Amino acid sequence: MPELPEVETIVRGLKPRVEGRRIERVELRLPKQVRGMDAAAFCRLVGGQVVRRISRRGKYLLMFLDRHVLLGHLGMSGQLTYWDRTRKDTPGFVAHPVTGLQRTPGQHAPDAHTHLLFHLEGGDRVQYRDIRQFGHWRLLEPGQLEGFKPLARLGLEPLGPDWRFDAFRRAFRARRGMVKAALLSQSPVAGLGNIYADEALHLSGVHPRSRIERLREKDLRALFDAIPRVLRKGIRNRGTTLMDFRGAHGEKGRNQESLRVYGRHGANCLACGAALRKILVSQRTTVFCPRCQPKR
DNA sequence: AGATTTACCTGAGGGC
DNA sequence: TGCCCTCA
DNA sequence: GTAAATC
């Protein structure tokens with residue numbers, strides 16, 4: 001699941017190879033992965049433009065082209081990788097005892113799940129592969145960026161300059177209901193998904209089902225501190241690869257090796273030793289420590 | 001307004 | 001080997 | 001992972 005750290009990992013990996021390069025041709029094999037515009041128009045408009053800058057907002061990836069902004073969202077299983085024509089493809093798949101059958105790390109030729117290809121000048125490519133097809137791409141005029149709803153409704157950027165406690169508290173107090181639901185909604189805070197939400201809640205000692213209106217000031221403070229910490233650790237570890245996530249060069253992340261709670265239900269809490277519990281919150285599997293995270 | 005449910009897809013893994 | 005189920 | 005429909 002590409003969340004903020006995974007998208008950031010891809011952005012950093014693509015940056016040195018793609019910024020300043022011209023997209024010669026766009027090959028869209030699964031037209032529905034482009035939204036808000038006719039597939040043919042998308043390909044025609046993107047073709048010929050130079051990628052000036054690549055960045056990220058929440059879980060969205062942004063490519064600033066000469067005349068447009070290309071917006072990508074990787075959904076649950078999207079992979080955006082660089083294919084270098086001078087490198088050999090790594091062949092085949094490998095079985096992993098925990099996460100099952102995985103593609104070998106490294107670059108691969110397009111396959112049945114490769115739905116969008118940006119052919120660069122010189123023969124290299126940026127390839128979008130998405131097994132579950134939940135990701136999507138869209139092309140905006142620079143002026144449309146501000147008014148674009150899904151982007152405009154995103155909350156605070158946890159690693160950005162406006163990450164200050166007063167702003168965080170205001171955004172959070174504007175909502176009620178379960179704290180984890182709020183985190184997943186992207187609206188007080190942008191970029192957290194099921195993994196990093198659970199991680200941040202555990203690090204801050206907040207129960208995922210706590211109602212926001214009942215949280216104490218110190219709980220909010222702890223959450224405010226924990227969110228950037230778990231995200232930065234994810235980035236430092238180049239993302240969390242449970243199944244599908246790959247970096248810009250096909251490499252796996254290693255954050256899955258140091259998760260505090262996600263995927264560890266039944267195992268012992270690393271902080272207190274109690275057995276971690278699994279519950280359902282907002283229709284998402286949620287793991288927490290009943291000792292460290294008292295319900296408010 | 002928030003919550004709950006459903007839909008959008010493919011594949012891994014377990015049980016039988 | 002395959003079918004059905006759950007889960008991501 | 002998100003959006004739309006429904007309570």
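Numbers restart at 1 for each chain; the letters A, B, ... are given by sequence-line order, proteins then strands. None of these values were measured; they are calculated from a predicted model. The figures that follow rest on heavy atoms only: side chains count, while hydrogens, waters and symmetry mates do not.
- Residue A:K59 has a polar side-chain atom (N or O) positioned under 4.0 Å from OP1 or OP2 of D:dG1.
- Comparing atom distances between the A:E3 side chain and each of B:dT10, D:dG1, D:dT2 picks out D:dG1 as nearest.
- Atom CE of A:M76 and atom C1' of B:dA12 are 14 Å apart (whole Å).
- Closest approach to the A:H113 side chain among D:dA3, B:dG11, B:dC8 is made by B:dG11 (side chain taken as heavy atoms from C-beta onward).
- Going from atom CD of A:Q133 over to atom C1' of C:dA8 covers 15 Å, rounded to whole Å.
- Taking atom CG on A:N194 and atom P on C:dC7, their separation rounds to 13 Å, with Å as the unit.
- Ring-to-base geometry does not place A:F134 in a stacked arrangement with D:dT2 (centre distance under 5.5 Å, plane angle under 30° required).
- Proximity of A:R35 to the phosphate of B:dC8: no side-chain N or O atom is located under 4.0 Å from OP1 or OP2.
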Exercise. Passes side chain to side chain donor-acceptor pair (under 3.5 Å), A:Q107 versus A:H249? Steps please.
Worked result: CA-CA 6 Å; A:Q107 70 176 33; A:H249 302 286; over 6 Å; no
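- Ring geometry for A:W137 against A:Y128 counts as perpendicular: the plane angle is over 60°, on a 0 to 90° scale with 30° as the lower cut.
- Within the structure, a side-chain polar atom (N or O) of A:K32 is placed less than 4.0 Å from OP1 or OP2 of B:dC9.
- Classified by interplanar angle (parallel below 30°, tilted 30° to 60°, perpendicular above 60°), the ring pair A:W163/A:F224 is parallel.
- For A:T285, the listed nucleotide lying nearest its side chain is C:dA8; candidates were B:dG2, C:dA8, D:dT2.
- Residue whose closest nucleotide on DNA chain B sits further toward the 5' end, between A:R175 and A:Q283: A:R175.
- A cation-pi arrangement, defined by a distance under 6.0 Å to the six-membered ring centre and an angle within 45 degrees of its axis, is present between A:R221 and A:F165.
- As a whole-Å value, the separation of A:Q186 CD from D:dT2 C1' is 9 Å.
- Closest approach to the A:M178 side chain among B:dA3, D:dT2, B:dC9 is made by B:dA3 (side chain taken as heavy atoms from C-beta onward).
- Both A:A174 and A:R132 lie near DNA chain B, and the one whose nearest nucleotide falls closer to the 5' end is A:A174.
- A:R153 comes within 4.0 angstrom of sugar-phosphate atoms only, judged by non-hydrogen atoms across all strands, and of no base.
- The A:M243 side chain lies nearest to B:dA12 when the options are B:dA12, B:dC8, C:dA8.
- Open room surrounds CZ on A:R87; 12 or fewer heavy atoms of other groups in view lie less than 6.0 Å from it.
- At the phosphate of D:dT2, OP1 or OP2 sits under 4.0 Å from a side-chain N or O atom of A:H73.
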